[in-house]
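Taking it in order: structure first as structure tokens, then the write-up.
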Amino acid sequence: MSFSKILTRWYSVNKRNLPWRETKNPYFIWLSEIILQQTQVKQGLPYYEAFITKFPTVFDLAKADESEVLKLWQGLGYYSRARNLHFTAKYVVDELNGAFPNTYKELLKLKGVGDYTASAIASICYDESTAVVDGNVYRVLSRCFGIDTPINSTSGIKEFKALAQELIDTKDPATFNQAIMEFGATQCRPKNPDCMFCQFQEKCIAYNEGKVDTLPVKLKKLKVKQRYFNFLVFLSEDKQTVLEKREGKGIWQNLYQFPLIETEKSLEYDAFLKLVKTHPYLKNKTFELRQYNNAPKVHKLSHQHLNTTFWTVTTESVENGIPFENITDYPVPILIGKFIEGFGGF
DNA sequence: AAAGCGGGGTC
DNA sequence: GACCCAGCTTT
């Protein structure tokens, strides 16, 4: 039996019921695919529900402010996805009258849509025979065909795309693409794959040569940078605080945060007090400084560890403040969100 | 070709 | 701790 036949037969029995599998509407498919980039179904699902509820059509999404979109995205990470999502919604509405492109080639031109997402939308919505290659597909193909080319090398990317394109069921590319991803997600898992009940047991090279645990091959590991964040949580007599929008490059672009002082290392109370006394935020001001968390809280991003201390700064008044009770209106990194939740307020 | 970009989950 | 996740963009 062919690879495709075994796979789609497995899928017909084992597929999960997921809301985006009930539609071919390109808006819903596009939205789900952006949410699911580098994100597990379990984590993305509630966000998908929230987005289709608040923004039932691409027109609704296009009309929103970017901050509203980021607020709804809060906690999901990789916030460029949300910014690009909003940008593309506006583009589709303003330039394409709300109609999404209907070919792989045209979809690829949308901001935030790369090879994977263009292939997914083109196949699922328009039955175009373009193979998706995501983390699941790399794993399934590298194991089944015993390919040890690094999946994040230029040659590996080409090789796996070509193989997937060769294997795809041109009669039903939508089902094939979803089946191979589902198979990777639930059966051919990274750890503890279910080889005992696998339909590919006979032909899987990794299984038959004992290489399941060493495939796929991935190059290098990134080194984690240590950073030291100090957030100033202003508390004024009229119950205001200060939030600033993160501009420019780097993490959390366009999200809000308490005024930040980044240091070279973690500082104790006395050293930090001395520092902030001369800092523009507090120079020549009267304030009372309190250290909220004794030991720095380590917030782990994939490439940075943020050693974070929150400091409350009680003052008579603040400039450019916002009522503390309105703080949850603003999109914030989850690190800030968790602090606010635990802190409560005045 | 390599780096930058989140947060949650698993082992 | 290390690794992974329905990847994309920028340098």
Side-chain angles (χ1 to χ4, degrees), chain A residues 11 15-16 18-21 28-48 70 73-85 87-88 107-121 123-124 131-140 150-158 160-161 164 174 176-186 188-193 213-214 216-225 227 246 248-255 298-306 331-338:
Chain A
Y11 183 63
K15 67 183 278 195
R16 291 170 289 182
L18 298 169
W20 48 84
R21 292 205 172 132
F28 294 130
I29 299 301
W30 165 70
L31 177 59
S32 72
E33 294 300 346
I34 303 297
I35 287 175
L36 292 172
Q37 287 168 5
Q38 292 292 283
T39 303
Q40 296 195 351
V41 167
K42 186 180 175 186
Q43 188 187 4
L45 190 50
Y47 286 84
Y48 176 79
L70 285 170
W73 199 272
Q74 180 177 309
L76 198 55
Y78 284 153
Y79 296 93
S80 64
R81 291 184 292 170
R83 296 190 300 270
N84 289 336
L85 185 82
F87 179 94
T88 293
L107 285 160
L108 202 50
K109 295 177 183 173
L110 300 176
K111 198 173 282 191
V113 175
D115 184 85
Y116 163 77
T117 305
S119 299
I121 300 172
S123 61
I124 294 170
V132 295
V133 183
D134 72 338
N136 294 306
V137 177
Y138 282 121
R139 187 168 53 256
V140 171
I151 61 173
N152 54 346
S153 64
T154 304
S155 61
I157 291 168
K158 283 179 63 178
F160 284 98
K161 175 79 179 182
F176 177 92
N177 276 342
Q178 295 185 80
I180 192 168
M181 292 191 286
E182 185 82 339
F183 182 74
T186 67
C188 194
R189 297 178 295 261
K191 306 278 178 162
N192 303 324
D213 293 331
T214 62
V217 174
K218 201 170 182 177
L219 289 176
K220 81 173 185 262
K221 54 214 81 165
L222 43 80
K223 59 177 178 225
V224 175
K225 182 180 177 186
R227 299 179 73 180
R246 288 186 69 94
K249 299 189 184 307
I251 60 174
W252 302 333
Q253 198 178 117
N254 293 4
L255 274 68
V298 186
H299 184 71
K300 294 176 179 177
L301 308 182
S302 51
H303 54 299
Q304 301 180 17
H305 285 185
L306 309 176
V332 297
I334 207 64
L335 169 65
I336 305 281
K338 284 179 178 170

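Keep in mind the model is a prediction, meaning the values are calculated, not measured. Note: hydrogens, waters and symmetry copies are ignored here, and every other heavy atom, side chains too, is used. Residue numbers start from 1 in every chain, and the chains themselves are labelled A, B, ... in the order their sequence lines are given, proteins ahead of strands.
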Do the ring planes of Phe28(A) and Tyr48(A) sit parallel (below 30°), tilted (30 to 60°) or perpendicular (above 60°)?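 Perpendicular, since the angle between the ring planes exceeds 60°.
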Map Arg227(A) and Ser153(A) onto DNA chain B by nearest heavy atom, then report which one ends up closer to the 5' terminus.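 Nearest nucleotide further toward 5': that of Ser153(A).
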Can you tell me if the side-chain N/O atoms of [X] get under 4.0 Å from OP1 or OP2 in [N]?
X         : N      : result
Arg83(A)  : dC5(B) : no
Gln304(A) : dC5(B) : yes
Thr117(A) : dC8(C) : yes
Trp73(A)  : dC5(B) : no
His303(A) : dG4(B) : no
Tyr79(A)  : dG7(B) : yes

With P as the reference atom in both, quote the distance from dT11(C) to dG6(B) in angstrom, rounded to an integer.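 My reading of the P atoms in dT11(C) and dG6(B) gives 15 Å.
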For nucleotides dT10(B) and dA6(C), find the distance between their P atoms and express it as a whole number of Å.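 So the two P atoms sit 13 Å from each other.
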Between [N] atom [atom2] and [X] atom [atom1], what is the distance in whole Å?
X         : N      : atom1 : atom2 : value
Tyr78(A)  : dG6(B) : OH    : P     : 8 Å
Ile336(A) : dG6(B) : CD1   : P     : 14 Å
Asp213(A) : dA2(C) : CG    : P     : 19 Å
Met181(A) : dA6(C) : CE    : C1'   : 5 Å
Leu301(A) : dC4(C) : CG    : P     : 18 Å
Arg81(A)  : dC5(C) : CZ    : C1'   : 10 Å
Glu182(A) : dC5(C) : CD    : P     : 14 Å
Lys223(A) : dA2(B) : NZ    : C1'   : 11 Å

As a quick check of understanding, evaluate side chain to side chain contact (heavy atoms under 4.5 Å, CB included) for Trp30(A) and Leu85(A), giving each step before the final call. CA-CA 9 Å; Trp30(A) 165 70; Leu85(A) 185 82; 3.4 Å; yes
Lys220(A) side-chain proximity, nearest of dC4(C), dA6(C), dA2(B):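 Looking only at side-chain atoms, Lys220(A) lies closest to dA2(B).
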Trp252(A) side chain, from C-beta outward: closest of dC5(C), dA6(C), dG7(B):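 The answer is dG7(B).
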Touch class at under 4.0 angstrom, heavy-atom based, for [X] against every strand present:
X         : answer
Gly250(A) : sugar-phosphate
Asp115(A) : sugar-phosphate
Arg189(A) : nothing
Leu76(A)  : base
Ser80(A)  : nothing

Are the side chain of [X] and the backbone N or O of [Y] linked by a donor-acceptor pair below 3.5 Å?
X         : Y         : value
Lys225(A) : His303(A) : no
Arg81(A)  : Ile35(A)  : yes
Gln304(A) : Val224(A) : no
Arg16(A)  : Glu182(A) : no

Where do N or O atoms of nucleotides 8-11 of chain B meet protein N or O atoms at under 3.5 Å, pair by pair?
from	atom 1	to	atom 2	distance (Å)
dG8(B)	OP2	Lys338(A)	NZ	3.4

Report each atom pair, protein N/O against N/O of nucleotides 9-11 of chain C, whose distance is under 3.5 angstrom.
from	atom 1	to	atom 2	distance (Å)
dT9(C)	OP1	Gly112(A)	N	2.5
dT11(C)	OP1	Lys249(A)	NZ	3.1

Atom CG of residue position Asn152(A) - does it have more than 12 heavy atoms of other residues, nucleotides or ligands inside 6.0 Å?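 For Asn152(A), atom CG is crowded (more than 12 foreign heavy atoms under 6.0 Å).
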So for Arg21(A) and dA6(C), does any side-chain atom that can act as donor or acceptor lie under 3.5 Å from a complementary atom in the base? yes
So, does the side chain of Ser302(A) form a donor-acceptor pair with the base of dG7(B) at under 3.5 Å? no
Gln37(A) versus Tyr116(A), side-chain donor and acceptor atoms under 3.5 Å: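 No.
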Look up atom CG in Leu31(A) and atom CD1 in Ile121(A), then write down how far apart they are to the nearest 0.5 Å. 10.0 Å
Could you walk me through whether Ile151(A) and Phe160(A) satisfy the side chain to side chain contact (heavy atoms under 4.5 Å, CB included) test, starting with their C-alpha distance in whole Å, then the side-chain angles of each, then the deciding distance to 0.1 Å, before giving a yes or no? CA-CA 8 Å; Ile151(A) 61 173; Phe160(A) 284 98; 3.8 Å; yes
Less than 4.5 Å apart, any side-chain heavy atom of Glu33(A) and any of Val113(A)?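 They are not in contact (no side-chain heavy atoms under 4.5 Å apart), so the answer is no.
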